[in-house]
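What follows is one structure encoded as C-alpha coordinates, with my remarks underneath.
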Amino acid sequence: MSIRENIDKVLVTEEQIRERSKELGEQITKDYEKEGEAPLLVALLRGSVPFLAELIKHIDLDIQYDFMDVTSYEGTISTGNVKILKDLDSPVEGKDILLVEDIVDTGRTVSVIRTLLENRGCKSVKLVTLLDKPSKRICDITADYAGFEIDDYFVVGYGLDYNQHYRALPFVGVLKSDQY
(Lines give C-alpha, C1' and ligand atoms only; values in the text may rest on other atoms or scores of the structure.)
Protein backbone atom coordinates (compact mmCIF):
# COMPACT_ATOMS: atom_id res chain seq x y z
CA MET A 1 0.00 0.00 0.00
CA SER A 2 1.27 3.49 -0.91
CA ILE A 3 1.62 6.04 1.89
CA ARG A 4 -0.25 8.46 -0.36
CA GLU A 5 -3.38 6.40 0.29
CA ASN A 6 -3.25 7.67 3.89
CA ILE A 7 -3.65 11.28 2.76
CA ASP A 8 -7.16 12.69 2.93
CA LYS A 9 -6.38 15.65 0.66
CA VAL A 10 -3.47 17.66 -0.70
CA LEU A 11 -3.44 21.13 0.83
CA VAL A 12 -0.36 22.59 -0.89
CA THR A 13 1.16 21.12 -4.05
CA GLU A 14 4.84 20.81 -4.80
CA GLU A 15 4.46 23.44 -7.54
CA GLN A 16 2.76 25.88 -5.15
CA ILE A 17 5.59 25.39 -2.64
CA ARG A 18 8.21 26.00 -5.33
CA GLU A 19 6.48 29.18 -6.55
CA ARG A 20 5.88 30.58 -3.06
CA SER A 21 9.47 29.79 -2.01
CA LYS A 22 10.66 31.81 -5.00
CA GLU A 23 8.49 34.76 -3.95
CA LEU A 24 9.68 34.53 -0.35
CA GLY A 25 13.33 34.26 -1.42
CA GLU A 26 13.01 37.36 -3.57
CA GLN A 27 11.40 39.32 -0.72
CA ILE A 28 14.02 38.16 1.78
CA THR A 29 16.75 39.21 -0.67
CA LYS A 30 15.25 42.70 -1.03
CA ASP A 31 14.76 43.15 2.70
CA TYR A 32 18.25 42.07 3.70
CA GLU A 33 19.91 44.01 0.86
CA LYS A 34 18.44 47.10 2.55
CA GLU A 35 19.99 45.96 5.85
CA GLY A 36 23.34 45.56 4.12
CA GLU A 37 24.13 42.18 5.64
CA ALA A 38 23.03 38.65 4.81
CA PRO A 39 21.33 36.75 7.62
CA LEU A 40 22.40 33.50 9.19
CA LEU A 41 19.59 31.07 8.45
CA VAL A 42 18.83 28.84 11.42
CA ALA A 43 16.75 25.87 10.30
CA LEU A 44 14.85 23.90 12.89
CA LEU A 45 15.32 20.20 12.27
CA ARG A 46 13.99 18.04 10.88
CA GLY A 47 10.84 19.36 9.29
CA SER A 48 12.27 22.54 7.80
CA VAL A 49 14.94 20.84 5.66
CA PRO A 50 12.93 20.49 2.40
CA PHE A 51 11.67 24.07 2.73
CA LEU A 52 15.19 25.35 3.49
CA ALA A 53 16.56 23.51 0.44
CA GLU A 54 13.96 25.13 -1.82
CA LEU A 55 14.10 28.58 -0.22
CA ILE A 56 17.88 29.09 -0.41
CA LYS A 57 17.78 28.61 -4.19
CA HIS A 58 15.89 31.90 -4.36
CA ILE A 59 17.81 34.05 -1.86
CA ASP A 60 20.35 36.03 -3.85
CA LEU A 61 22.68 36.81 -0.94
CA ASP A 62 25.83 35.25 0.43
CA ILE A 63 23.95 33.43 3.17
CA GLN A 64 25.14 30.86 5.64
CA TYR A 65 22.95 28.37 7.44
CA ASP A 66 23.06 26.20 10.50
CA PHE A 67 20.71 23.80 12.25
CA MET A 68 19.09 23.29 15.61
CA ASP A 69 17.22 20.11 16.44
CA VAL A 70 14.34 20.89 18.76
CA THR A 71 11.27 18.95 19.72
CA SER A 72 7.99 19.71 21.45
CA TYR A 73 5.65 17.07 20.01
CA GLU A 74 4.59 13.57 20.88
CA GLY A 75 2.40 12.18 18.12
CA THR A 76 -0.08 14.91 17.19
CA ILE A 77 0.10 16.86 20.46
CA SER A 78 2.43 19.70 21.42
CA THR A 79 3.78 18.90 24.88
CA GLY A 80 4.53 22.53 25.68
CA ASN A 81 8.05 21.49 26.64
CA VAL A 82 10.67 22.54 24.09
CA LYS A 83 13.83 20.41 24.17
CA ILE A 84 17.04 21.26 22.32
CA LEU A 85 18.53 18.04 20.96
CA LYS A 86 21.25 19.69 18.83
CA ASP A 87 22.46 23.24 19.28
CA LEU A 88 24.00 25.56 16.70
CA ASP A 89 27.62 25.20 15.64
CA SER A 90 27.80 28.86 14.56
CA PRO A 91 28.09 31.81 16.94
CA VAL A 92 25.15 34.22 16.69
CA GLU A 93 26.44 37.26 18.56
CA GLY A 94 25.91 40.41 16.51
CA LYS A 95 24.26 38.55 13.62
CA ASP A 96 20.91 38.90 11.92
CA ILE A 97 19.13 35.56 12.28
CA LEU A 98 16.40 34.23 10.02
CA LEU A 99 14.70 31.25 11.67
CA VAL A 100 13.45 28.72 9.12
CA GLU A 101 10.50 26.64 10.29
CA ASP A 102 8.18 24.15 8.63
CA ILE A 103 5.05 25.17 10.55
CA VAL A 104 4.14 27.63 13.26
CA ASP A 105 1.07 26.59 15.20
CA THR A 106 1.20 27.24 18.98
CA GLY A 107 4.32 29.36 18.54
CA ARG A 108 5.99 27.87 21.62
CA THR A 109 9.02 26.46 19.84
CA VAL A 110 9.75 29.64 17.91
CA SER A 111 9.19 31.78 21.01
CA VAL A 112 11.67 29.74 23.07
CA ILE A 113 14.29 29.68 20.30
CA ARG A 114 13.89 33.40 19.58
CA THR A 115 14.45 34.23 23.27
CA LEU A 116 17.47 31.91 23.42
CA LEU A 117 19.07 33.55 20.36
CA GLU A 118 18.36 37.06 21.67
CA ASN A 119 19.97 36.10 25.00
CA ARG A 120 23.05 34.99 23.03
CA GLY A 121 23.38 38.52 21.64
CA CYS A 122 22.16 38.28 18.06
CA LYS A 123 21.35 41.55 16.34
CA SER A 124 17.86 40.53 15.18
CA VAL A 125 15.64 37.48 14.78
CA LYS A 126 13.10 37.15 11.98
CA LEU A 127 10.98 34.14 11.09
CA VAL A 128 10.17 32.47 7.79
CA THR A 129 7.78 29.53 7.83
CA LEU A 130 6.32 27.34 5.15
CA LEU A 131 3.00 26.99 6.98
CA ASP A 132 1.29 29.29 9.43
CA LYS A 133 -1.59 28.00 11.58
CA PRO A 134 -2.71 31.08 13.56
CA SER A 135 -5.85 29.37 14.91
CA LYS A 136 -3.60 27.29 17.23
CA ARG A 137 -1.43 30.19 18.43
CA ILE A 138 -0.73 30.35 22.15
CA CYS A 139 2.35 32.59 22.07
CA ASP A 140 2.45 36.06 20.56
CA ILE A 141 4.40 35.10 17.44
CA THR A 142 3.94 36.48 13.94
CA ALA A 143 5.95 35.19 11.00
CA ASP A 144 7.86 37.85 9.12
CA TYR A 145 7.55 35.68 6.02
CA ALA A 146 4.88 32.99 5.67
CA GLY A 147 4.33 30.62 2.80
CA PHE A 148 0.75 29.49 3.38
CA GLU A 149 -1.80 30.10 6.10
CA ILE A 150 -3.70 26.90 6.85
CA ASP A 151 -6.67 25.89 8.94
CA ASP A 152 -6.44 23.53 11.90
CA TYR A 153 -5.57 20.31 10.06
CA PHE A 154 -2.99 17.72 11.04
CA VAL A 155 -0.64 17.96 8.06
CA VAL A 156 2.25 15.85 6.83
CA GLY A 157 4.63 15.88 3.90
CA TYR A 158 7.36 18.21 2.68
CA GLY A 159 9.26 17.65 5.91
CA LEU A 160 6.27 17.49 8.26
CA ASP A 161 5.73 14.17 9.95
CA TYR A 162 3.59 11.99 12.11
CA ASN A 163 5.93 9.98 14.37
CA GLN A 164 8.74 10.41 11.81
CA HIS A 165 6.63 9.13 8.89
CA TYR A 166 5.39 10.94 5.75
CA ARG A 167 8.23 13.53 5.66
CA ALA A 168 9.29 12.62 2.11
CA LEU A 169 5.97 13.35 0.45
CA PRO A 170 6.56 16.11 -2.13
CA PHE A 171 3.44 18.06 -1.04
CA VAL A 172 1.65 19.06 2.17
CA GLY A 173 -1.38 16.90 2.83
CA VAL A 174 -3.96 16.25 5.50
CA LEU A 175 -3.40 12.88 7.13
CA LYS A 176 -6.50 10.70 7.37
CA SER A 177 -7.67 10.65 10.99
CA ASP A 178 -7.71 6.85 11.11
CA GLN A 179 -3.89 6.95 10.72
CA TYR A 180 -3.29 8.59 14.09
Side-chain angles (χ1 to χ4, degrees), residues 3-4 7-70 86 88-90 92 95-107 109-111 113-114 117 122-137 141-162 164-175:
I3 62 170
R4 291 174 187 239
I7 302 302
D8 188 41
K9 67 179 174 179
V10 174
L11 264 185
V12 186
T13 67
E14 186 175 12
E15 182 55 41
Q16 288 173 308
I17 294 168
R18 211 175 2 254
E19 183 57 37
R20 186 66 180 127
S21 295
K22 182 176 186 252
E23 292 168 359
L24 290 170
E26 290 170 354
Q27 187 62 54
I28 289 165
T29 300
K30 282 183 195 173
D31 291 350
Y32 281 96
E33 279 179 337
K34 288 178 192 171
E35 300 288 324
E37 191 173 326
L40 170 65
L41 276 67
V42 174
L44 301 182
L45 294 174
R46 299 178 182 139
S48 69
V49 171
F51 178 48
L52 173 71
E54 185 61 38
L55 182 66
I56 62 174
K57 295 176 193 176
H58 308 289
I59 298 175
D60 191 17
L61 300 167
D62 186 19
I63 57 166
Q64 296 179 12
Y65 54 88
D66 200 348
F67 300 94
M68 289 183 81
D69 192 357
V70 298
K86 181 221 175 283
L88 295 171
D89 294 323
S90 305
V92 299
K95 294 186 180 178
D96 291 310
I97 304 297
L98 181 59
L99 280 177
V100 181
E101 183 63 297
D102 54 356
I103 187 168
V104 178
D105 47 25
T106 66
T109 301
V110 171
S111 180
I113 299 305
R114 173 177 274 161
L117 294 171
C122 67
K123 188 161 98 179
S124 69
V125 180
K126 290 187 177 179
L127 170 64
V128 59
T129 186
L130 176 62
L131 303 175
D132 190 13
K133 194 190 295 186
S135 65
K136 297 291 281 187
R137 201 76 86 241
I141 292 291
T142 302
D144 299 277
Y145 309 96
F148 303 92
E149 186 173 307
I150 64 168
D151 291 328
D152 188 18
Y153 297 113
F154 189 76
V155 291
V156 295
Y158 213 81
L160 295 127
D161 73 299
Y162 171 64
Q164 303 302 325
H165 298 281
Y166 303 102
R167 287 190 194 277
L169 291 170
F171 54 80
V172 174
V174 177
L175 188 61

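Here, residue 1 is the first one in the sequence, and each next residue gets the next number. Both backbone and side-chain heavy atoms feed into the values below; hydrogens, waters and symmetry mates do not.
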Exercise. Start with the C-alpha distance between L127 and R114, add both sets of side-chain angles, then the distance that settles side chain to side chain contact (heavy atoms under 4.5 Å, CB included), and finish with yes or no.
Key: CA-CA 9 Å; L127 170 64; R114 173 177 274 161; 4.2 Å; yes
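- We find that K22 and E19 are not joined by a salt bridge, their nearest charged nitrogen and carboxylate oxygen being 4.0 Å or further apart.
- By the side-chain contact (heavy atoms from CB on, under 4.5 Å) test, D132 is found to be paired with V104, T129, P134, R137, A146, residues two or more places apart in sequence or in another chain being considered.
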Exercise. Might you work through the side chain to side chain contact (heavy atoms under 4.5 Å, CB included) test for I3 and H165, ending with a clear yes or no?
Key: CA-CA 9 Å; I3 62 170; H165 298 281; over 6 Å; no
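- Residues meeting the side-chain contact (heavy atoms from CB on, under 4.5 Å) test with D151, sequence neighbours left out: Y153.
- Closest approach of L52 and A43 over heavy atoms only: CD2-CB, 3.8 Å.
- Annotation: the span from L130 atom CG to F148 atom CZ amounts to 6.5 Å, rounded to 0.5 Å.
- Using modelled atom types, one side-chain atom of D66 and one backbone atom of S90 make a donor-acceptor pair closer than 3.5 Å.
- Within 6.0 Å of CG in D69 there are more than 12 heavy atoms belonging to other residues, nucleotides or ligands.
- Scanning both residues, L61 and A38, for their nearest heavy atoms gives CB-CB, 4.0 Å.
- Note: L24 CG to L55 CG = 6.5 Å, rounded to the nearest 0.5 Å.
- Residue pairs meeting the side chain to side chain donor-acceptor pair (under 3.5 Å) criterion with at least one member in residues 42-54, sequence neighbours excluded: R46-Q164, E54-K57, E54-H58.
- In this structure Y65 satisfies the ring-ring contact (aromatic ring centres under 6.0 Å, His included) test together with F67, sequence neighbours excluded.
- In this structure, the separation between CZ on F154 and CG on L160 is 8.5 Å, given to the nearest 0.5 Å.
- Rounded to the nearest 0.5 Å, atoms OH (Y158) and OG1 (T13) are 10.5 Å apart.
- Rounding to the nearest 0.5 Å places CE of M68 at 6.0 Å from CG of L117.
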Practice problem: Tell me, with the steps shown, if V128 and F51 meet side chain to side chain contact (heavy atoms under 4.5 Å, CB included). | Solution: CA-CA 10 Å; V128 59; F51 178 48; 3.9 Å; yes
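- Other residues, nucleotides and ligands contribute only 12 or fewer heavy atoms inside 6.0 Å of the CG atom of D62.
- Here the closest heavy-atom approach between residue Y32 and residue K126 is recorded as OH-CD, 3.4 Å.
- With a 6.0 Å radius and a threshold of 12 heavy atoms from other residues, nucleotides or ligands, K86 has its NZ atom above the threshold.
- Taking E37 as the reference, D96, K123 meet the side-chain contact (heavy atoms from CB on, under 4.5 Å) condition, with sequence neighbours excluded.
- In this structure, Q64 places its CD atom where only 12 or fewer heavy-atom neighbours from other residues, nucleotides or ligands lie under 6.0 Å away.
- Atoms CG and CG, on L98 and L41 in that order, are 4.5 Å from each other to the nearest 0.5 Å.
- Tested against I97, the residues V92, L88, I113 include a single side chain to side chain contact (heavy atoms under 4.5 Å, CB included) partner, V92.
- For Q27, the side-chain contact (heavy atoms from CB on, under 4.5 Å) partners are K30, D31, Y145, not counting sequence neighbours.
- Only one option out of I17, I7, I103 pairs with V172 in a side chain to side chain contact (heavy atoms under 4.5 Å, CB included); it is I17.
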